[in-house]
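The structure appears right after this line, and notes come after that.
Just so we're clear, the structure is a prediction, and the values are computed from it rather than from any experiment. Atoms within each ligand, like the ligands themselves, are counted from 1 in listed order.
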Amino acid sequence: MPPLKCQGIKTKLVGEIRRIAARQDFQRWVEPFCGSCVVALNVQPERALLCDSNVHIIRMYQDIQDGRVTPALAREFLTAQGEKLSAGGEPYYYEVRERFNRDPCSLDFLFLNRSCFNGVMRFNRKGGFNVPYCHKPERFAQAYVTKIANQIRRIAEVVAMRDWTFAATGFRETLAEVGLGDFVYADPPYAGRHVDYFNSWSEADEDDLARLLKGLPCGFILSTWHSNEFRTNAMIPKNWTCPGIHMLTREHFYHVGSSEDLRHPMMEALITNFAVGQAAREPAEATQQLAFFERA
Ligand SMILES: C[S@@+](CC[C@H](N)C(=O)[O-])C[C@H]1O[C@@H](n2cnc3c(N)ncnc32)[C@H](O)[C@@H]1O
């Protein structure tokens with residue numbers, strides 16, 4: 001697990017994406033919406049271009065890569081800040097939030113991401129982090145700090161052995177870089193959900209992304225939502241009912257969400273520009289993955 005949590009994190013789809021990717025031949029893995037980086041960290045390609053418009057996420061991974069954020073530093077920082085949180089409670093959380101919004105840095109971002117309400121990542125219209133406090137003054141107990149330090153250690157190890165580039169870019173710019181030999185995993189915000197400064201996703205964005213993906217000279221997987229009990233994703237028939245496009249769907253629950261999707265089952269879709277054969281399943285994950293089926 002990565003040290004950062006974000007909405008739409010693909011923890012539950014990682015196994016399937018990894019299996020599909022393992023059967024593809026590519027030299028570089030590209031993610032225009034890398035978010036927490038949980039997918040890349042599990043696929044572990046030798047070369048990767050990992051991009052997101054959220055500069056704070058990208059700064060954190062660049063800082064880990066360049067050794068500016070180490071497991072030891074994170075442990076020391078979270079222990080000291082955790083003691084202040086324990087003594088100061090809610091006002092101290094808001095002091096750190098203000099400090100971060102004045103002068104953003106990775107360690108404050110980590111502190112806020114791991115002590116805010118519900119572990120969400122949300123920014124106001126001016127780009128200020130605006131998630132309230134989780135109301136757990138003992139949040140940074142020793143075991144929790146160790147867990148986060150270990151997550152950072154693991155990433156530092158993975159990144160040190162690989163040729164990975166992190167960049168704070170919009171998806172259009174990222175996809176313009178893509179060429180033969182690349183493989184793209186695109187996981188855009190779901191329109192109408194989790195809208196904030198870094199996630200203002202419109203139908204025009206959705207259409208542009210579909211056009212750019214369909215024009216790629218390489219394979220791609222697109223994550224999107226398929227349906228919930230209230231409605232189905234109109235963008236699928238609009239943009240993805242065409243020759244050469246394939247879709248897998250799977251139901252799972254969202255635990256962090258806004259408005260209607262809160263704790264309602266949601267069918268996820270993986271859309272690809274290649275046929276996905278039956279995956280050889282890893283025994284531990286077999287039951288978890290049974291709900292997956294190929295639609296087209
Ligand atoms: C659904 S999340 C990705 C989650 C990620 N796959 C994971 O498992 O953690 C979507 C991401 O897209 C980013 N994003 C939103 N609009 C973007 C844009 N126009 N260009 C690039 N990234 C964007 C957000 O900052 C967010 O991190």
Atoms of ligand 1, numbered as shown, that sit under 4.0 Å from any heavy atom of P188: 1 (C)
May I ask you to list the atoms of ligand 1 that are less than 4.0 angstrom from any heavy atom of C6? 9 (O)
Taking the six-membered ring for Trp, are the ring centroids of F140 and F111 within less than 6.0 Å of each other? yes
Can you confirm if the aromatic rings of F129 and H56 lie within a centre distance of less than 6.0 Å? no
May I ask you to decide if the ring planes of F109 and F123 are parallel, tilted or perpendicular, using 30° and 60° as cut-offs? tilted
May I ask you to check whether F100 and Y94 place their ring centres under 6.0 Å from each other? no
Mind checking whether H135 and Y93 have ring centres under 6.0 Å apart? no
Considering T11, V39, D187 one by one, which has a heavy atom nearer to atom 2 (S) of ligand 1 than any of the others? D187
Which of the ligand 1 atoms, numbered from 1, are nearer than 4.0 Å to a heavy atom of K10: 7 (C), 8 (O)
Residue-ligand contact C34/ligand 1, heavy atom below 4.0 Å: yes
Looking only at protein heavy atoms, what sits closest to atom 20 (N) of ligand 1 is F171 N, 3.0 Å
Would you mind checking which non-hydrogen protein atom is closest to atom 17 (C) of ligand 1, with the distance to 0.1 Å? S53 OG, 3.3 Å
By number and element, which atoms of ligand 1 are closer than 4.0 Å to a non-hydrogen atom of F198? 14 (N), 15 (C), 16 (N), 24 (C), 25 (O)
Rounded distance [0.5 Å steps], NE2 in H226 versus CZ in R231: 13.5 Å
Enumerate the atoms of ligand 1 whose separation from the nearest heavy atom of V38 is less than 4.0 angstrom. 8 (O)
So is Y185 polar-close to ligand 1, meaning N/O to N/O under 3.5 Å? no
Sub-4.0 Å atoms of ligand 1 with respect to non-hydrogen atoms of S36: 7 (C), 8 (O), 9 (O)
Relative to each other, are the rings of F26 and W29 parallel, tilted or perpendicular (30° and 60° limits)? tilted
So, is D52 polar-close to ligand 1, with some N/O to N/O distance under 3.5 Å? yes
Considering the heavy atoms of I9, write down every atom of ligand 1 situated less than 4.0 Å from one of them. 7 (C), 8 (O), 9 (O)
Tell me whether the centres of the aromatic rings in F220 and F183 are closer together than 6.0 Å. no
Heavy-atom contacts with T169 under 4.0 Å: which atoms of ligand 1 show up? List them by number with element. 21 (C)
